[in-house]
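Working notes, beginning with the structure itself.
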Amino acid sequence: MKKVDKGNFHDFIAEGDKVVEFSAKWCIDCKRIAPDLPEITDRFSGRFEFAELDVDESKEIADEYNVKGIPTFIVYRDGKEVDRLPSRHAKTKEQIESFLSQV
């Protein structure tokens, strides 16, 4: 999955349908779902381009989008947020796939 940060985040989300996972290296739930992410990104690669943002390295972006818990997945369309899966509902592969199927 592509890594984005405060330097390239806005360029990444500017055009098309994008999904950004807000996470951190220390996040236990992020580590738990990490092995499933390649399969998820492959399954939805025709609809979305995916990236990961470390909230510790890019706190300004996490604050700008009011990300309070991680992992949080936010879907952007042409730079605008269209939906999000907050951390309390982003704990399993099934939850993430269900969310992305409905966006």
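Throughout, residue positions are numbered sequentially from 1 according to the sequence presented.
Under the salt bridge (Lys or Arg N to Asp or Glu O under 4.0 Å) criterion, Glu15 pairs with no residue at all, not counting sequence neighbours. The salt bridge (Lys or Arg N to Asp or Glu O under 4.0 Å) test applied to Lys2 returns no partner, not counting sequence neighbours. For Asp29, the side chain to side chain contact (heavy atoms under 4.5 Å, CB included) partners at least two apart in sequence or on another chain are Cys27, Arg32, Pro71, Lys91. Remark: Arg43 engages Glu97 in a salt bridge (Lys or Arg N to Asp or Glu O under 4.0 Å) (not counting sequence neighbours). Looking at residues two or more places apart in sequence or on another chain, you find a side-chain hydrogen bond (donor to acceptor under 3.5 Å, both in side chains) between Lys3 and Glu52. When the side chain to side chain contact (heavy atoms under 4.5 Å, CB included) test is applied to Lys25, the partners found at least two apart in sequence or on another chain are Asp54, Glu57. For Arg77, the salt bridge (Lys or Arg N to Asp or Glu O under 4.0 Å) partners two or more places apart in sequence, or in a different chain, are Asp17. The ring-ring contact (aromatic ring centres under 6.0 Å, His included) search around Tyr76 returns Phe9, Tyr65, not counting sequence neighbours. The side chain to side chain contact (heavy atoms under 4.5 Å, CB included) test applied to Ser98 returns Gln102, not counting sequence neighbours.
A side-chain donor-acceptor contact under 3.5 Å links Ser58 to the backbone of Lys6. No donor-acceptor distance shorter than 3.5 angstrom exists from the side chain of Lys18 to the backbone of Ala51, with no hydrogens or angles considered.
Residues Ile70 and Ala24 approach most closely at CD1-CB, 3.5 Å, considering heavy atoms. Minimum interatomic distance between Pro38 and Ala34 (heavy atoms only, all atoms of both residues): CD-O, 3.4 Å.
How far OG1 of Thr72 is from CG of Leu85: 7.5 Å, rounded to the nearest 0.5 Å. Gln95 CD to Leu100 CG: the interatomic distance, rounded to the nearest 0.5 Å, is 12.0 Å. Rounding to the nearest 0.5 angstrom, the gap separating the NZ atom in Lys93 from the CD1 atom in Ile96 is 10.0 Å. Put simply, CG on Asn66 and CZ on Arg84 are 6.5 Å apart, with the number rounded to the nearest 0.5 Å. With rounding to the nearest 0.5 angstrom, the OG1 atom of Thr41 is 10.5 Å from the CG atom of Asp36. The CD atom of Glu60 sits 10.0 Å away from atom CG of Asp5, with the distance rounded to the nearest 0.5 Å.
Connection of Val82 to Ile40 is established within a shared hydrophobic cluster, with ILVMFWY side chains joined at heavy-atom distances below 4.5 Å, either directly or through further cluster members. Transitive grouping of hydrophobic side chains (ILVMFWY, heavy atoms separated by less than 4.5 Å) keeps Ile33 and Leu53 in distinct clusters. If you chain together hydrophobic residues whose side chains sit under 4.5 Å apart, Val19 and Leu37 fall into the same group.
For residues 78-103, no pair satisfies ring pair (Phe, Tyr, Trp, His ring centres under 6.0 Å), with sequence neighbours left out. Residue pairs meeting the salt bridge (charged side-chain N to carboxylate O under 4.0 Å, His left out) criterion with at least one member in residues 65-76: none, sequence neighbours excluded. Applying the ring pair (Phe, Tyr, Trp, His ring centres under 6.0 Å) test to every pair with at least one member in residues 22-54, sequence neighbours left out, gives no pairs at all.
When side chains are defined from C-beta on, Ile61 counts as touching His10, because their heavy atoms get closer than 4.5 Å. With a 4.5 Å cut-off on side-chain heavy atoms, Ile74 and Val67 count as touching.
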